[in-house]
Amino acid sequence: MEEGLPLLGSPLPSPVFWKAEVELVTHPSPRQPSERASPRPVFLTELVHPRDREHTLAVLREVAADGRARRCLHRSAATNGGSRWCLTSIRGIRDESGRIQELAGVTQPMRGPLFAGEEFQQHESGLRQLLAQVPAFLYLTDRELRFIATAGSELAGPDLELEGRPLLDVLGAGEESSSMLAAHRHALGGEPARYDTEWSHRTFEVRVEPAFDEEGTCTGTLGIAIDVTEQRREEEELRTSAERLRTLLETTSDSIYLKDGEGRWLEANDTGLQLFQLSRAGYQGLTDLELARRNDFFREAFIACYASDQRTWDAGKPTRMEEIISQPGESPRVIDVTKVPLFHPNGERKGLVVLGRDITRRRMAEQERDRLLHQEKEARAAAEEARRRSEFLSSASRVLADSLDYDATLATVARLGLPVLGEWCAVDLVGEDLHVARVATAHAESSKEPSARPLEKCVPDLEKPGGIAEVIRNRRPFVLSVQPGEEGMLALCDHERSHLETVRELGLRSWLSVPLVARGRTMGALTFASVRPDRYRSEDVMLTGDLAWRAALALDNARLYRESQQAIQARDEFLSIASHELRTPITALRLGIQRLFRLARGGAEPPWKTVAASLDGVERQGKRLTLLIDSLLDVSRLQSHHIQLDLEEVDLSGVVRDVVAQLGSVLARTHTPLSLRADTPVVGQWDRVRLEQIVTNLLDNAIKYGAQAPIEVTVALENGAAVLTLRDRGIGISPERMPFIFGRFERAVSSRHYGGLGLGLYIVRQIVELHGGTIQVESSPGKGSTFTVRLPRG
Ligand code: ADP
């Protein structure tokens, strides 16, 4: 044995066990270069064929470097007449510090011809390298499946003598023997076969092929068992992790899609497929646009997916978005989508991971929450609004209740709603004559009052359409929001363009007008205007309506109060007039009677002329008293509707002639000329006494207020009705008193100048109307008056 390679066993052809210092292979001359003729270990020169020394040395160096066991196939040095194929297994032996100090190996001759044929000889070095690196066990059997030759037999145990032993004895154990047998029989039948087997706690994949001799006869089998423990473990791990991944994919409630760099669908979990109602078979390898073409219902959804994929690719980073996917027969789903683009190192698109979470319920819950929140907010706002309204209204009520003065109340009403309900306000009231009067206006900014003044004249006309007139006519609120200059605005401006200018100047854009109704009577309208367009909403209409109701009530109260004050004043006035009026004839009556007493007590024959004159005066004053008292009685009867007409056939012309005749002495005394045209009989069904009362009262007034100017009295027939006209040229009546002269105790003159109770015309009108007729008056101060009575003839 050579130094440095102590051979532990016998020389070839038996297995040789050897050990060598690692330095022998790692350093060409480890100690003294002169001490060694060759840097190579003796093992190499003794046992390895020169042609195989280089690659065997390379294997030894690899083992020396990392200590891992390796095998090396080589021929033996041709010492005794021929070389043999040997398999050498080498291991590194570490010292205590873990460094590799020695190499240990076994070189085993291969029995029988392992390889045959010229062709294979050419590839032997390649095969050697392969065998050195791949942990494999090669064997050749005869047809009875007995080992003829083996290589890498260390895998089955280093000291196992295999040649000649049946394959089944060595490798066949338990269940695997049947698959092993089957594979070998297959190979003996000429077909290659493979099977996996467990061996020394490792897994081997065994490939079995038929072995042929030079004539092509199958002489046995050629098997190679490759240690695939790691590979199988990795495969198993891969399979487990793939299974885990699939379980994960399928158990998650999220939708998961994997697409390749071209947007083709690679994989999707069930949730993801259900979202688009796709089957497992019907999507792989297709792009969104191809899926869109195949699926009408989800066309838009797929196109949208394609578009959002593109955005993700463009962004080059994970993107998140919300997508709404319609569902047949169901409400659409809201999906929170995250798209993660994957790129190759060279920047090319590798794939896209799409994760979708169904947030429909969350969104619905959010929507419900928002709705409730909104509702709550609205309720709070409504409560706040109601509080504000009631505060506003109660303060308005307080202010309105403050005064019973009508004019003060009017001004208050105009100011009350400003600026809460707008910038400008007007109060319009309907008078007795059915004309509207703008009784109060106000502007929220006092500096703008002068500019707003022209609108005081902008009085609604009940004859014209639209606007405030419509509110009064229909008793309905009216809201208008217009661009200045529009027709609707004109209606509010009494159809006057000049008022429109004022409205423009003030910048008023919205209008709200509500009726003023109190005790069932439409008094007029309360109107607000604002500079804000579309200012008035239904709640403002309600609020203004409430305000108007209170204002109308306050105004009506003030009116009633004023009227009652006036009535009290009129009553006082009446009492003083009545006492004066009654006292005058009583005084004259008493004077006449006293004169008669004196004459009677005189003892002498009384001067009968004087007595007659006194009696005439007494009679006149008595009549006057009777008339006054009758008038008072008539008034109370008329008021309580206790006057009954005693209808009969009466000639009005005759009645007029009689009255004129009765008043002849008065006409004479007052020097009043009278012309009468009552020649034709005008007959009707009337109450004679009441007719006389009408004519007497009217003629009395004509004489009283006629300033001794001629009076014309005519009776005529017009359109089948009797018409009585009394025209005087006296003092006339002022226009402002005209509306009142037919009222009770109403007078247009001072009692100092003209006596009278102010009841004559009231009684006349009541009687005329009881007959179904009318009375009219035309008059101008200083020019006289004409009273016209029209009576239907029954
Ligand atoms: P009286 O004459 O007693 O005052 P009346 O009811 O008869 O009451 O008349 C009411 C008012 O109408 C009078 O106070 C007067 O002012 C006015 N009047 C009535 N007739 C005439 C007339 N012919 N000319 C002018 N004024 C008249």
Side-chain angles (χ1 to χ4, degrees), residues 432 566-567 569-585 621 623-639 643 656 659-660 663 666-667 670-676 690-714 724-770 774-789:
E432 292 281 326
Q566 283 169 347
Q569 198 185 340
R571 187 201 60 192
D572 291 348
E573 220 169 283
F574 166 75
L575 285 176
S576 82
I577 291 170
S579 54
H580 173 259
E581 283 297 302
L582 289 170
R583 190 172 292 134
T584 310
Q621 298 308 329
K623 263 192 187 164
R624 197 171 158 198
L625 267 177
T626 313
L627 266 174
L628 282 169
I629 290 161
D630 278 354
S631 295
L632 287 171
L633 280 173
D634 278 348
V635 169
S636 70
R637 279 197 209 112
L638 280 166
Q639 264 199 292
I643 283 196
V656 172
V659 173
V660 170
L663 290 176
V666 185
L667 286 164
T670 54
H671 311 290
T672 306
L674 183 139
S675 72
L676 173 65
R690 294 296 173 192
L691 230 54
E692 281 174 5
Q693 215 176 343
I694 292 172
V695 183
T696 308
N697 284 357
L698 290 175
L699 195 54
D700 243 1
N701 282 348
I703 297 167
K704 190 158 56 171
Y705 305 113
Q708 299 174 331
I711 298 171
E712 289 166 27
V713 182
T714 54
L724 165 69
T725 315
L726 283 104
R727 181 172 177 225
D728 67 63
R729 293 179 175 76
I731 60 169
I733 306 162
S734 66
E736 58 274 16
R737 292 305 298 161
M738 286 277 268
F740 307 105
I741 58 169
F742 290 101
R744 263 188 316 147
F745 310 124
E746 291 287 0
R747 311 199 68 217
V749 289
S750 132
S751 57
R752 263 199 287 146
H753 298 109
Y754 297 95
L757 292 173
L759 292 174
L761 285 183
Y762 171 73
I763 293 168
V764 167
R765 187 163 88 170
Q766 298 298 318
I767 296 171
V768 168
E769 286 177 356
L770 273 174
T774 59
I775 179 163
Q776 285 173 326
V777 59
E778 283 172 31
S779 182
S780 49
K783 289 192 177 155
S785 314
T786 303
F787 286 84
T788 308
V789 175

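Each ligand, and each atom within it, is numbered from 1 in the order the structure gives. Predicted, not measured: the structure shown is a model, and the values here were computed from it.
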Ligand 1: which protein N/O atoms lie under 3.5 Å from its N/O atoms?
from, atom 1, to, atom 2, distance (Å)
ligand 1, 2 (O), N701, OD1, 3.2
ligand 1, 2 (O), K704, NZ, 3.2
ligand 1, 2 (O), Y705, OH, 2.8
ligand 1, 3 (O), L757, N, 3.1
ligand 1, 3 (O), G758, N, 3.0
ligand 1, 4 (O), Y705, OH, 3.1
ligand 1, 4 (O), R747, NE, 2.5
ligand 1, 4 (O), R747, NH2, 2.9
ligand 1, 6 (O), G760, N, 3.2
ligand 1, 6 (O), L761, N, 2.8
ligand 1, 7 (O), N701, OD1, 3.3
ligand 1, 7 (O), N701, ND2, 2.8
ligand 1, 7 (O), L761, N, 3.3
ligand 1, 8 (O), G758, N, 3.4
ligand 1, 14 (O), Y705, OH, 3.3
ligand 1, 14 (O), R747, NE, 3.4
ligand 1, 14 (O), A748, N, 3.4
ligand 1, 16 (O), A748, N, 2.9
ligand 1, 16 (O), V749, N, 3.3
ligand 1, 20 (N), N701, ND2, 3.4
ligand 1, 23 (N), D728, OD2, 2.9
ligand 1, 24 (N), S785, OG, 3.4

### Message
For a 4.5 angstrom cut-off between non-hydrogen side-chain atoms, does L761 reach L698?
### Response
yes
### Query
Is there a side-chain contact between R690 and I643 (heavy atoms, below 4.5 Å)?
yes
### Message
Quick check: do P781 and P735 have side-chain heavy atoms less than 4.5 Å from each other?
### Response
yes
### Query
How far apart are the C-alpha atoms of D728 and N701, what are their side-chain angles, what is the distance that settles it, and do they pass the side chain to side chain contact (heavy atoms under 4.5 Å, CB included) test?
CA-CA 9 Å; D728 67 63; N701 282 348; over 6 Å; no
### Message
According to salt bridge (charged side-chain N to carboxylate O under 4.0 Å, His left out), does anything in residues 736-751 pair up with another residue at least two apart or in another chain? List the pairs.
### Response
R737-E746
### Query
Would you say the side chain of F787 lies within less than 4.5 Å of the side chain of V764, judging by non-hydrogen atoms?
no
